[in-house]
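One structure is given below, encoded as structure tokens.
We're numbering straight along the sequence, starting at 1. What you see below is based on every heavy atom in this structure, not just the backbone, and it leaves out hydrogens, waters and symmetry mates.
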Amino acid sequence: MKAVVFHSVGDIRLDDVAEPTLLAPTDAIIRVTASAICGTDLHFVRGTVAPMKPGTILGHEAVGIVEQLGTDVRNLQVGDRVVVPSTIACGNCSYCRAGYYAQCDDVNPHGKEAGTAFYGGPEITGPFHGLQAEKARIPFAHIGLVKLPDQISDDQAILLSDIFPTGYFGARLAEVSDGDTVAVFGCGPVGQFAIASARLLGAARVFAIDHHPDRLQMARRQGAETIDFDQEDPVATLKRLTAGIGVDRAIDAVGVDAEHACHGDDGQPARSGQWQPGNAPDQALQWAVEGLAKAGTLSIIGVYPQQARSFPIGLSMNKNLTINMGNCHHRKYIPTLIDMVLNQRIDPASILTQTRPMDDAIAAFEAFDRREHGWIKVQLRPQPEL
């Protein structure tokens, strides 16, 4: 089968690989009908979140059809159409039972303290082969697959795998409630869903901070008040537009590698373990803390590596800020978001800007990496259109 495979930093290929097989009674095999490229994938390709194990299939978003089931998967049938939560969870440990699926104790083979396990990630996350492939093995499928209603299209469902839940999670972490004024830093796909989710949770005003015209235009279509940080100081503008108070809630949807690969001391792109604190990724956090009102809440859902150390702790402490952060517990939120789509409260497909066949995956990665105009969210189709 065809799959997008990581070989080394800057080197990914569309390879022929062996089809997956059932390895445990709780496994399932799905035929992938839709996958996607995520900004998180770029972290791995660029080497800013590493190390990756060569030969790992990339991708952590998928919709598919169940083709095989292990004997202990008793809530699904062959032929079911499903969406895959991006983070992997067992469903049985104390963290899963409390809804902290991204902190599952039992999935990551490196142990309880190793961190979140997800598809197509660095070696420390498993690694588990990813979902940019024609077929995929889904461990703990009884909890790791969610059956889709027929009314939800693949174009809608692929956004339910990762970025809509992550944006919604970000708004929940920000404690958004009725009447709040919210700032979202970074208007990529997750930022767009953070904007949408803030509105769903009752925010009265949402500010969208970025500098890409296509992203700012999409945010305006959602009703957000846009700020181009290349044209004006975002903190001064936030303060001016809020009568000097600042925003109640801020969401960092940027992450370590939003604009370009960070650079080492030699001026070359950073490689494994060379993330440099003090580079551009810290800027969003600084702006967010400065732009928040006293006693406001900061939500951090952008991806940062474990070696990141820089944070404006003094200003945060002296403003009595609440700070919530982490990896999304996708399985917790997907059923709720399915209901929102069915009730026509939101159409997630409005964020989808590109659809490409699997054969064009590498070119799509390159265009997405260059931040070409209009390339906000990219869907891959592993199967031919019927």
*Pair Glu290 + Lys319, salt bridge at N-O below 4.0 Å*: no
*Quick one: list whatever passes salt bridge (charged side-chain N to carboxylate O under 4.0 Å, His left out) with Arg205, sequence neighbours left out.*
Glu225
*With sequence neighbours left out, what residues match Arg81 under salt bridge (charged side-chain N to carboxylate O under 4.0 Å, His left out)?*
Asp154
*Mind checking side-chain hydrogen bond (donor to acceptor under 3.5 Å, both in side chains) for Arg199 and listing every partner two or more places apart, or none if nothing turns up?*
none
*Looking at residues at least two apart in the chain, or sitting in another chain, which of them share a side-chain hydrogen bond (donor to acceptor under 3.5 Å, both in side chains) with Thr26?*
none
*Which residues satisfy the ring pair (Phe, Tyr, Trp, His ring centres under 6.0 Å) test with His60, sequence neighbours excluded?*
none
Show me, pair by pair, the donor-acceptor contacts under 3.5 angstrom made by side chains of residues 179-186, not counting sequence neighbours?
| from | atom 1 | to | atom 2 | distance (Å) |
| --- | --- | --- | --- | --- |
| Asp180 | OD2 | Ser177 | N | 2.8 |
| Asp180 | OD2 | Ser177 | OG | 3.3 |
| Asp180 | OD2 | Arg249 | NE | 2.9 |

*Residue pairs passing the ring-ring contact (aromatic ring centres under 6.0 Å, His included) test where at least one lies in residues 65-107, sequence neighbours excluded*: Tyr100-His329
*Pair listing, ring-ring contact (aromatic ring centres under 6.0 Å, His included) test, anchored in residues 145-165, at least two apart*: Phe164-Phe193
*Please confirm whether Arg331 makes a cation-pi placement over Tyr333, using NZ or CZ under 6.0 Å from the six-membered ring centre and within 45° of the ring normal.*
no
_Can you list, by chain and residue number, the hydrophobic cluster partners of Val5 when the side-chain cut-off is 4.5 Å?_
Met1, Val17, Ile57
*Would you list the pairs meeting salt bridge (charged side-chain N to carboxylate O under 4.0 Å, His left out) in which at least one residue belongs to residues 5-19, sequence neighbours left out?*
Lys2-Asp16, Asp11-Arg13, Glu19-Lys135
_salt bridge (charged side-chain N to carboxylate O under 4.0 Å, His left out) partners of residues 338-366, not counting sequence neighbours, each pair once_ = none
*Any pair counted as side chain to side chain donor-acceptor pair (under 3.5 Å), so long as it reaches residues 115-131, sequence neighbours left out*: Thr116-Asn327
